[in-house]
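Quick notes on the structure that follows.
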Amino acid sequence: MQDKIEILDTALLENKSKLKEIDHWLKVFNWPNGWHYDLDIIWVLNNIERLNLPKGSTIIDAGAGIGMTQFILASRGYNVISLDFTKRQIPRFAKGIFNIESVDTALGDYQHEYMSFMTHGQSQPNKPKKSAGYYFSKLRKLFYPGLFLRNVHSIMYQFMQYVHTHFNVYYALEKQRDHSSFGKITFLRGTFNNIPLENNAADALVSVSAFEHNTYEDMPGSISEFKRVLKPHAPMFISTSASDNQDWYFNPPKAWNFSKQTLSSWFNIPNEKIAFDYKKVLENIKNSKILKKRMSPYYKLSVESALPYGNLKEAKYLPVGILKIKE
């Protein structure tokens, strides 16, 4: 399998069996999915299958958070080192299903704005308490003209989240199944440019929509660090955010979007191995009925997301996959 960079197109959504697999674990965890994560995860799984990576192999999930990729990989029999620079609690709906060990290494004085953006269930000790006036103003906004239907939608979404959290039938059923073939997950705290692992520690590395949250200046060094912890000839599968023509920073999600030229330079992948028809794929994304149908309701609640009020026609960036084999 050769190195490549490719914008992730909607043709990936034709894989119904993988969509069903993703849906199963989303229901078990009662977890929403990013608007393009179906594309990212299917792309990763397709490439792992093409490589015939043996069950029991060790895969690093870089920037895993509490995302679905690590759990899908573990359910397929892979041992996952789940790397993230935030502190994490073991998800409630993973207990009794997955074997998870937490390793909380010290990060020294390392700081990044995204660390406070993604708390993963941890409390924020310095977070100011909201006043009664704040909640009163929120209540008043429920009845603002023009926003009423959207607010009703928000209330229903929050209500259904509450119901599924407290009465999760999917989790109860999954918990009764045999998980002896599942791989182990290790929650490891570390940064992309200083991974607390020995050289040649893993058989593969995946990273789903996390690389873009790194500090821009650290990104080339992080790629070198990814290579260091991989065994010779091992692959990395990275999905991130692509821009049409130049790198730019998207403030609400604290994320960079990368041009074809930047990705080609950083990953040392020549032009003939790059499929980057941004405009064509954007048109496919805009008109995708499957993406629209599968979109998590929370996208419809915010104008500051990558899809303002869930409108695919206003997508701010496109997902891109990078496959790089260590020499």
Side-chain angles (χ1 to χ4, degrees), residues 1-6 40 43-44 47-48 51 53 57-65 67 69-70 73 78-86 103 105-115 186-243 246-249 254-274 276 319-327:
M1 184 179 288
Q2 295 183 332
D3 299 348
K4 62 181 177 180
I5 297 173
E6 55 186 337
D40 300 52
W43 180 83
V44 166
N47 282 292
I48 286 176
L51 197 66
L53 193 67
S57 297
T58 297
I59 302 178
I60 298 170
D61 188 348
T69 308
Q70 60 193 312
L73 292 173
Y78 296 109
N79 296 310
V80 181
I81 299 175
S82 174
L83 178 74
D84 205 273
F85 60 18
T86 57
V103 179
T105 54
L107 299 186
D109 58 357
Y110 181 88
Q111 292 292 325
H112 193 284
E113 61 179 347
Y114 199 62
M115 294 171 75
T186 302
F187 279 5
L188 178 65
R189 195 169 183 216
T191 64
F192 284 0
N193 62 348
N194 187 17
I195 301 175
L197 292 172
E198 299 292 330
N199 296 346
N200 309 320
D203 302 291
L205 180 146
V206 307
S207 183
V208 172
S209 195
F211 186 73
E212 63 268 23
H213 300 294
N214 198 6
T215 302
Y216 192 86
E217 294 74 19
D218 287 345
M219 289 174 182
S222 296
I223 296 169
S224 296
E225 185 72 348
F226 290 169
K227 292 178 182 178
R228 180 188 67 79
V229 297
L230 285 173
K231 295 177 182 178
H233 313 299
M236 64 175 78
F237 310 101
I238 297 174
S239 73
T240 188
S241 303
S243 70
Q246 63 182 7
D247 302 346
W248 66 280
Y249 185 71
K254 314 297 182 189
W256 283 93
N257 301 276
F258 307 110
S259 68
K260 169 185 171 181
Q261 292 74 19
T262 293
L263 294 176
S264 173
S265 173
W266 283 349
F267 287 92
N268 191 27
I269 297 177
N271 192 61
E272 61 268 21
K273 296 181 180 180
I274 300 175
F276 212 94
V320 60
I322 302 107
L323 167 60
K324 181 70 180 179
I325 307 292
K326 179 177 176 178
E327 294 81 3

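Reckoned from all heavy atoms, side chains included, excluding hydrogens, waters and symmetry mates. The first residue of the sequence shown is numbered 1, and numbering continues consecutively from there. Everything numeric here is computed off the predicted structure, so don't read it as measured data.
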Counting C-beta onward and ignoring hydrogens, is there a side-chain heavy-atom pair between [X] and [Y] closer than 4.5 Å?
X: Asp84; Y: Phe187; answer: no
X: Lys4; Y: Asn47; answer: yes
X: Phe267; Y: Ile238; answer: yes
X: Ile48; Y: Pro235; answer: no
X: Asn79; Y: Ile59; answer: no
X: Leu197; Y: Ile60; answer: yes

Atom [atom1] of [X] and atom [atom2] of [Y]: how far apart are they, to the nearest 0.5 Å?
X: Met236; Y: Lys324; atom1: CE; atom2: NZ; answer: 8.0 Å
X: His233; Y: Lys326; atom1: NE2; atom2: NZ; answer: 9.5 Å
X: Gln261; Y: Ser265; atom1: CD; atom2: OG; answer: 10.0 Å
X: Ile322; Y: Ile5; atom1: CD1; atom2: CD1; answer: 6.0 Å
X: Lys260; Y: Gln246; atom1: NZ; atom2: CD; answer: 16.0 Å
X: Ser57; Y: Leu73; atom1: OG; atom2: CG; answer: 11.0 Å

Heavy-atom pair of closest approach, residues [X] and [Y]:
X: Arg228; Y: Glu198; answer: NH1-C, 3.6 Å
X: Ala62; Y: Ser207; answer: O-OG, 2.8 Å
X: Leu323; Y: Ile269; answer: O-CD1, 3.7 Å
X: Ala234; Y: Ala202; answer: CB-O, 4.1 Å
X: Gln70; Y: Ser82; answer: OE1-OG, 2.6 Å
X: Ser259; Y: Asp247; answer: N-OD1, 2.8 Å

Item to complete: Any chance you could lay out the side-chain contact (heavy atoms from CB on, under 4.5 Å) test for Asp61 and Ile81, step after step, and finish with the verdict?
Response: CA-CA 6 Å; Asp61 188 348; Ile81 299 175; over 6 Å; no

Item to complete: For side-chain contact (heavy atoms from CB on, under 4.5 Å), just list the numbers for Thr240 and Val320, CA-CA rounded to whole Å, side-chain angles, deciding distance to a tenth of an Å, and then say yes or no.
Response: CA-CA 5 Å; Thr240 188; Val320 60; 3.6 Å; yes

Worksheet item: Taking Lys231 as the fixed residue, which of Asn200, Asn199, Asp203, Thr58 is the one that meets the side-chain hydrogen bond (donor to acceptor under 3.5 Å, both in side chains) rule?
Response: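 Among Asn200, Asn199, Asp203, Thr58, the one that satisfies the side-chain hydrogen bond (donor to acceptor under 3.5 Å, both in side chains) with Lys231 is Asp203.
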
Practice prompt. Could you go through the side-chain contact (heavy atoms from CB on, under 4.5 Å) check for Phe237 and Trp43 one step at a time?
Written response: CA-CA 9 Å; Phe237 310 101; Trp43 180 83; 3.9 Å; yes

Discussion item. Testing the 3.5 Å rule here: is there a donor-acceptor pair between the side chains of Ser209 and Asp40?
Written reply: no

Fill in: Verdict with reasoning, Phe258 to Glu212, per side-chain contact (heavy atoms from CB on, under 4.5 Å)
CA-CA 8 Å; Phe258 307 110; Glu212 63 268 23; 4.0 Å; yes

Worksheet item: For Asn214 and Ser222, what are the C-alpha separation, side-chain angles and deciding distance, and is it a side-chain hydrogen bond (donor to acceptor under 3.5 Å, both in side chains)?
Response: CA-CA 9 Å; Asn214 198 6; Ser222 296; 2.8 Å; yes

Fill in: Asn257: partners by side-chain contact (heavy atoms from CB on, under 4.5 Å), with sequence neighbours left out
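Expected list: Ser241, Ser243, Trp248, Phe250, Tyr317.
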
Discussion item. Please enumerate all residues that pass ring-ring contact (aromatic ring centres under 6.0 Å, His included) together with Phe192, with sequence neighbours excluded.
Written reply: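 Here the qualifying residues are Phe226.
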
Worksheet item: Quick check: does any side chain N or O of Tyr78 sit under 3.5 Å from a backbone N or O of Leu53, one acting as donor and the other as acceptor?
Response: yes

Item to complete: Apply ring-ring contact (aromatic ring centres under 6.0 Å, His included) to Phe211 and Trp256, showing your working.
Response: CA-CA 9 Å; Phe211 186 73; Trp256 283 93; over 10 Å; no

